[in-house]
Engineer: 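Here's a structure for you.
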Amino acid sequence: MKRVILSVAVMAAMGLTSCKSETKKVEEITTTEAAKEIAMTDLSFGVRGNCGMCKNTIEKAANSVEGVTDANWDKDKKKIDVSFDSSKTDAMAIHNAIAASGYDTEKVAGNEEAYKNLPGCCQYDHEMMMNQSGEMKSDDHSNHDH
Ligand SMILES: [Cu+2]
C-alpha cells in the first residue's frame, strides 16, 4: 500500500515537471521563429561562367529567387556571394535558379537547353574549375572574410 502511494506521488511529481518543461519548450520555439524572420544568411558557392554577360545572367537568376537581397558573381574566382532571408528561401533554391539559367553550380548542373541558348562567348567550359573556397560551408559563415 505504501508503494502505491509512493508511485502516485512520483507520477504526480513527474507530471508537474513535464508540464513545466513543455511550457518552456513552447516559449523557446516562439523565440526561435521570431529570430528566424530577420535571419539573413550569407553564402558563397562556385558557379561556372566566362564574362560580364554571364555575370548579369547569373546574378539576375539568383536575384529572381524571392528572399535574395544581394548577389555578386566573381568572374575570376567563378564564385557567387549571395545574401538571402533564410525564412523565405534556402541555398538549394538559389542553386536551382542559377542552373535553370544555364550555369553550372557546385551542386546543380546547368540546364542544357538554356546553356545552348547562351551567346557563344558565354558557353563556358563544363570542366572549368570553380572556386569552392576549400570546404563545403553551406550554413557556416562564421569565418566569412568580409
Ligand atoms: Cu558570358
Side-chain angles (χ1 to χ4, degrees), residues 7-146:
S7 57
V8 167
V10 167
M11 267 158 52
M14 268 166 55
L16 272 174
T17 320
S18 71
C19 215
K20 251 186 202 165
S21 65
E22 241 165 71
T23 316
K24 203 181 161 202
K25 213 171 175 183
V26 170
E27 275 169 10
E28 273 167 19
I29 289 167
T30 315
T31 317
T32 315
E33 272 172 358
K36 213 176 162 189
E37 273 175 46
I38 49 157
M40 293 304 297
T41 303
D42 292 324
L43 180 68
S44 296
F45 55 85
V47 179
R48 294 196 171 100
N50 290 338
C51 65
M53 272 159 69
C54 297
K55 183 175 163 71
N56 284 342
T57 311
I58 294 165
E59 290 174 358
K60 205 174 130 197
N63 279 315
S64 74
V65 178
E66 201 203 331
V68 172
T69 53
D70 195 35
N72 184 32
W73 181 72
D74 188 311
K75 184 176 69 145
D76 300 316
K77 291 181 179 165
K78 315 297 179 195
K79 184 185 106 172
I80 193 166
D81 293 323
V82 286
S83 301
F84 63 92
D85 181 341
S86 57
S87 70
K88 288 189 180 154
T89 191
D90 56 29
M92 281 318 291
I94 303 167
H95 278 273
N96 286 327
I98 294 170
S101 75
Y103 289 89
D104 291 343
T105 80
E106 256 171 53
K107 290 186 179 160
V108 185
N111 177 283
E112 264 311 304
E113 281 305 305
Y115 175 85
K116 282 180 203 154
N117 291 327
L118 292 174
C121 70
C122 292
Q123 295 192 353
Y124 58 91
D125 178 359
H126 282 295
E127 303 300 311
M128 177 188 285
M129 287 292 293
M130 284 182 271
N131 184 318
Q132 303 190 19
S133 45
E135 64 275 323
M136 301 296 253
K137 43 157 194 171
S138 50
D139 295 318
D140 175 22
H141 47 98
S142 53
N143 55 355
H144 208 71
D145 57 9
H146 66 217

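Just so it is clear, the model here is predicted, and its values are computed rather than measured.
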Engineer: List the steps, then state whether side chain to side chain contact (heavy atoms under 4.5 Å, CB included) holds for Lys78 with Val47.
Structural biologist: CA-CA 5 Å; Lys78 315 297 179 195; Val47 179; over 6 Å; no
Engineer: Is any side-chain heavy atom of Asp85 less than 4.5 Å from a side-chain heavy atom of Glu66?
Structural biologist: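 SC-SC contact between Asp85 and Glu66 ruled out.
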Engineer: Considering all heavy atoms of both residues, which atom of Tyr103 and which atom of Tyr124 are nearest to each other, and what is their separation?
Structural biologist: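 Looks like CA-OH, 3.3 Å.
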Engineer: Which heavy-atom pair separates Ala71 from Ile80 by the least distance, and what is that distance?
Structural biologist: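 Closest pair (atom of Ala71, atom of Ile80, distance): CB-CD1, 4.3 Å.
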Engineer: Which residue, Asn63, Thr69, Leu43, Thr41, forms the side-chain contact (heavy atoms from CB on, under 4.5 Å) with Val82?
Structural biologist: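 Only one option passes, and that is Leu43.
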Engineer: Give the minimum heavy-atom separation between Asp104 and His126, together with the two atoms involved.
Structural biologist: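 Closest heavy-atom pair between Asp104 and His126: OD2-ND1, 2.7 Å.
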Engineer: Can you list, pair by pair, the side-chain donor-acceptor contacts under 3.5 Å of residues 51-61, counting residues two or more places apart and other chains?
Structural biologist:
residue : atom : partner : partner atom : Å
Lys55   : NZ   : Glu59   : OE2          : 2.7
Lys55   : NZ   : Asn72   : OD1          : 2.8
Lys55   : NZ   : Trp73   : O            : 2.9
Thr57   : OG1  : Met53   : O            : 3.0
Glu59   : OE2  : Trp73   : N            : 2.6

Engineer: Which pair of non-hydrogen atoms, one from Asp90 and one from Phe84, has the smallest distance, and what is that distance?
Structural biologist: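 For Asp90 and Phe84, the tightest heavy-atom pair comes out as CA-CE1, 4.0 Å.
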Engineer: Between Gln123 and Leu118, is there a donor-acceptor pair closer than 3.5 Å when you use the side chain of the first and the backbone of the second?
Structural biologist: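 A pair under 3.5 Å: yes.
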Engineer: Mind listing the closest non-hydrogen atom pair of Asn111 and Ala100 along with its distance?
Structural biologist: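 Scanning both residues, the minimum pair turns out to be CB-O, 3.9 Å.
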Engineer: Rounded to the nearest 0.5 Å, how far does CD of Glu106 lie from CD1 of Ile98?
Structural biologist: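 Going from CD1 on Ile98 over to CD on Glu106, the span is 10.5 Å.
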Engineer: Has the side chain of Thr105 got a donor or acceptor atom that lies under 3.5 Å from a matching backbone atom of His95?
Structural biologist: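 The answer is no, because no donor-acceptor pair under 3.5 Å joins these two groups.
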Engineer: Give, for atom SG of Cys122 and atom CG of Asn50, the distance between the pair rounded to the nearest 0.5 Å.
Structural biologist: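 Reported value, rounded in 0.5 Å steps: 6.5 Å.
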Engineer: Partners of Glu112 by salt bridge (charged side-chain N to carboxylate O under 4.0 Å, His left out), sequence neighbours excluded?
Structural biologist: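 Expected list: none.
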Engineer: Decide yes or no on side chain to side chain contact (heavy atoms under 4.5 Å, CB included) for Val108 and Met92, but give the supporting numbers first.
Structural biologist: CA-CA 9 Å; Val108 185; Met92 281 318 291; 3.7 Å; yes
Engineer: Can you name the nearest heavy-atom pair linking Arg48 to Asp125, along with the distance?
Structural biologist: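 Distance-wise, the nearest heavy atoms are CD-O, 3.5 Å.
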